[in-house]
Amino acid sequence: MTHRHHGTRSSAYYAHPSHGDPKIKVLIRIDASAESARVDVRGVVTPANIRALYVVCRRVAAKLPGYEIVVDLAHARVTADAIEELHEHARHSIMSSGIDASVTPCRLRIVDPPSLLRIKENA
C-alpha cells in the first residue's frame, strides 16, 4: 500500500502505539570474546508487539547457548508496561516464547531507553 499524499500525514502518526501494532527493527551484534549478543532495538516497543522481540531473543539464545543477551533499548521508544515486562524477565533470567506460555532460561540484561513512552489508556 502506498500513500500518494506523503506530505499530508505525519510519520509520528503511524508510529504512535495507539494506532495499531507499531513495528520494531532489530540489529544483532555478536561478541564471541565476551560471549554476549547485543540486540539493538529501534522503533516503538509496546505490549502489543513485544512478542516479536521475544522471538528474536529466543532464536539468539538457541543459537548461542550460554551467551548473555543484551537488549539495548537506548534508541527505542518503550511503554512503561513493556519495560516492566522486560525487567521481570531479566530478574528471573528467562525469555518468553512470544507464542505460547513456555519460557527459555537465558542470561538477559536490559539497557533502558532514555525515557518511557506514555500513552493514554482507553477507559
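Between the CD1 atom of I24 and the CZ atom of R77 there is a distance of 13.0 Å, given to the nearest 0.5 Å. If you take CD1 on I83 and CG on L73, they are separated by 5.0 Å, rounding to the nearest 0.5 Å. In this structure, L64 CG and E35 CD are separated by 9.5 Å, a value rounded to the nearest 0.5 Å. Between S93 atom OG and L108 atom CG the span is 7.5 Å, to the nearest 0.5 Å. To the nearest 0.5 Å, atoms CG (L27) and CZ (R38) are separated by 10.5 Å.
Under the 3.5 Å distance criterion, the side-chain polar atoms of R107 are matched with a main-chain donor or acceptor of G66. Proximity of a side-chain donor or acceptor of D112 to a complementary backbone N or O of A74 within less than 3.5 Å is not detected.
With sequence neighbours excluded, the residues satisfying side-chain hydrogen bond (donor to acceptor under 3.5 Å, both in side chains) with T104 are R58. Here R59 pairs with V55 under the side chain to side chain contact (heavy atoms under 4.5 Å, CB included) rule; sequence neighbours left out. Residues passing the side chain to side chain contact (heavy atoms under 4.5 Å, CB included) test with P47 are T79, D81, A82, sequence neighbours excluded. Residues that satisfy the salt bridge (charged side-chain N to carboxylate O under 4.0 Å, His left out) test with E68, not counting sequence neighbours, are R109. Shown here are the side-chain hydrogen bond (donor to acceptor under 3.5 Å, both in side chains) partners of S97, two or more places apart in sequence or in another chain: D100. In this structure S33 satisfies the side-chain hydrogen bond (donor to acceptor under 3.5 Å, both in side chains) test together with D31, sequence neighbours excluded. Applying the salt bridge (charged side-chain N to carboxylate O under 4.0 Å, His left out) rule to E88 yields the partners R91; only residues at least two apart in sequence or on another chain are considered. Every residue meeting the side-chain hydrogen bond (donor to acceptor under 3.5 Å, both in side chains) condition with R29, not counting sequence neighbours, appears here in chain and number order: D40.
Screening residues 24-52 for ring-ring contact (aromatic ring centres under 6.0 Å, His included), with sequence neighbours left out, gives no hits. Each ring-ring contact (aromatic ring centres under 6.0 Å, His included) pair with one or both residues in residues 59-94, not counting sequence neighbours, appears once here: Y54-H89.
Note on I30: it does not cluster hydrophobically with V70, by side-chain heavy-atom contacts below 4.5 Å among ILVMFWY residues. Linking ILVMFWY side-chain heavy atoms closer than 4.5 Å, directly or via other members, places I28 and V111 in two distinct hydrophobic clusters.
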side-chain contact (heavy atoms from CB on, under 4.5 Å) evaluation trace for V71 with V41: CA-CA 7 Å; V71 178; V41 182; 4.1 Å; yes

Step-by-step side-chain contact (heavy atoms from CB on, under 4.5 Å) determination, V39 to L53: CA-CA 9 Å; V39 180; L53 184 56; 4.1 Å; yes

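Closest approach of P113 and A76 over heavy atoms only: CB-O, 3.7 Å.
Cluster partners of I94, by chain and number: V103. The rule joins Ile, Leu, Val, Met, Phe, Trp and Tyr whenever side-chain heavy atoms lie under 4.5 Å apart.
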